[in-house]
Amino acid sequence: MPLTHNTASKFIEKYGQLLSIEQGEKKTSFRAFFQPLRYKNKMYLSVIQTELGYDVLTKFLLICPAYIPLEAVNGLDCFLRSGNGDYNVDHCEKIFFRDEPLYYWAIVHRNKGEIV
């Protein structure tokens with residue numbers, strides 16, 4: 001898929017870490033910002049804050065180019081993979097500027113059985 005020419009995608013492609021979406025034999029590699037989710041209050045995703053502001057490293061924030069098919073990640077036959085584990089998408093939203101899709105932001109969780 002072609003990379004859109006918006007500034008957000010260029011920035012993500014330059015500075016993001018390598019991830020992939022794998023569905024059977026099909027693998028789509030891409031770069032994204034991927035980090036533990038920081039919680040600002042106890043209402044967000046009904047979790048408990050820790051002293052450092054992180055959960056137990058099971059929920060992560062993902063920001064990736066808009067051409068990545070995040071809606072396909074269902075955890076049954078399509079997975080999001082990082083160098084240190086497999087993840088499922090809890091919630092994702094495509095962000096637009098007027099009619100142009102800029103990027104996705106998503107909340108993902110680590111699949112059970114993976115070690116941080």
Side-chain angles (χ1 to χ4, degrees):
M1 288 181 229
L3 177 65
T4 60
H5 296 289
N6 69 57
T7 304
S9 290
K10 289 178 184 177
F11 190 76
I12 293 167
E13 288 292 326
K14 184 173 182 177
Y15 297 107
Q17 73 182 72
L18 191 61
L19 293 112
S20 65
I21 292 178
E22 297 180 16
Q23 188 169 20
E25 297 295 316
K26 184 180 176 189
K27 180 177 179 179
T28 303
S29 295
F30 61 97
R31 293 201 172 274
F33 297 125
F34 187 65
Q35 67 180 30
L37 187 60
R38 294 184 177 125
Y39 298 97
K40 294 189 183 256
N41 61 50
K42 293 179 185 174
M43 300 296 290
Y44 197 65
L45 297 175
S46 57
V47 296
I48 299 171
Q49 278 186 308
T50 63
E51 187 175 324
L52 296 175
Y54 294 105
D55 190 15
V56 291
L57 297 179
T58 58
K59 299 269 185 187
F60 295 80
L61 173 65
L62 172 73
I63 298 175
C64 69
Y67 70 88
I68 301 302
L70 280 184
E71 295 97 351
V73 177
N74 59 21
L76 301 172
D77 63 348
C78 186
F79 298 93
L80 176 67
R81 298 199 194 273
S82 174
N84 61 354
D86 298 341
Y87 301 84
N88 287 339
V89 175
D90 289 340
H91 177 80
C92 68
E93 206 172 304
K94 192 179 282 189
I95 306 301
F96 290 83
F97 177 72
R98 296 190 180 127
D99 292 334
E100 181 184 6
L102 296 179
Y103 61 90
Y104 268 111
W105 74 265
I107 306 297
V108 302
H109 70 271
R110 182 183 300 275
N111 287 334
K112 292 183 180 182
E114 298 293 331
I115 299 172
V116 174

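A quick note: this is a predicted structure, and the numbers were derived from the prediction, not measured.
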Cluster link Val89 to Phe79, ILVMFWY, side chain under 4.5 Å: no

Hphob cluster co-occupancy, Leu18 + Ile21, side-chain heavy atoms under 4.5 angstrom: no

Within the 6.0 Å centroid threshold, strictly below: Phe33 and Tyr15: no

Any heavy-atom pair between the side chains of [Y] and [X] that's under 4.5 Å?
X     : Y      : result
Ile95 : Pro101 : no
Leu19 : Ser29  : no
Tyr87 : Ser82  : yes
Gln23 : Asp77  : yes

Carboxylate-amine/guanidinium proximity below 4.0 Å for Arg31 and Glu13: no

So how far is it from [X] [atom1] to [Y] [atom2], rounded to the nearest 0.5 Å?
X      : Y      : atom1 : atom2 : result
Ile107 : Lys59  : CD1   : NZ    : 8.0 Å
Gln17  : Leu62  : CD    : CG    : 9.0 Å
Leu102 : Ser9   : CG    : OG    : 7.5 Å
Asp86  : His109 : CG    : NE2   : 10.5 Å
Asp90  : Phe60  : CG    : CZ    : 11.5 Å
Glu71  : Lys94  : CD    : NZ    : 6.0 Å

From CA spacing to verdict: side chain to side chain contact (heavy atoms under 4.5 Å, CB included), Ser20, Thr28: CA-CA 5 Å; Ser20 65; Thr28 303; over 6 Å; no

From CA spacing to verdict: side chain to side chain contact (heavy atoms under 4.5 Å, CB included), Cys64, Phe30: CA-CA 8 Å; Cys64 69; Phe30 61 97; 3.9 Å; yes

Donor on one side chain, acceptor on other, Asn111 and Asn88, under 3.5 Å: yes

Least distance between heavy atoms, Ala66 atom then Tyr104 atom: O-CE1, 3.6 Å

Test applied, side-chain contact (heavy atoms from CB on, under 4.5 Å); reference residue, Phe34; option that passes from Val108, Ile63, Leu61: Val108

ring-ring contact (aromatic ring centres under 6.0 Å, His included) involving Phe96 - partner list, sequence neighbours excluded: none

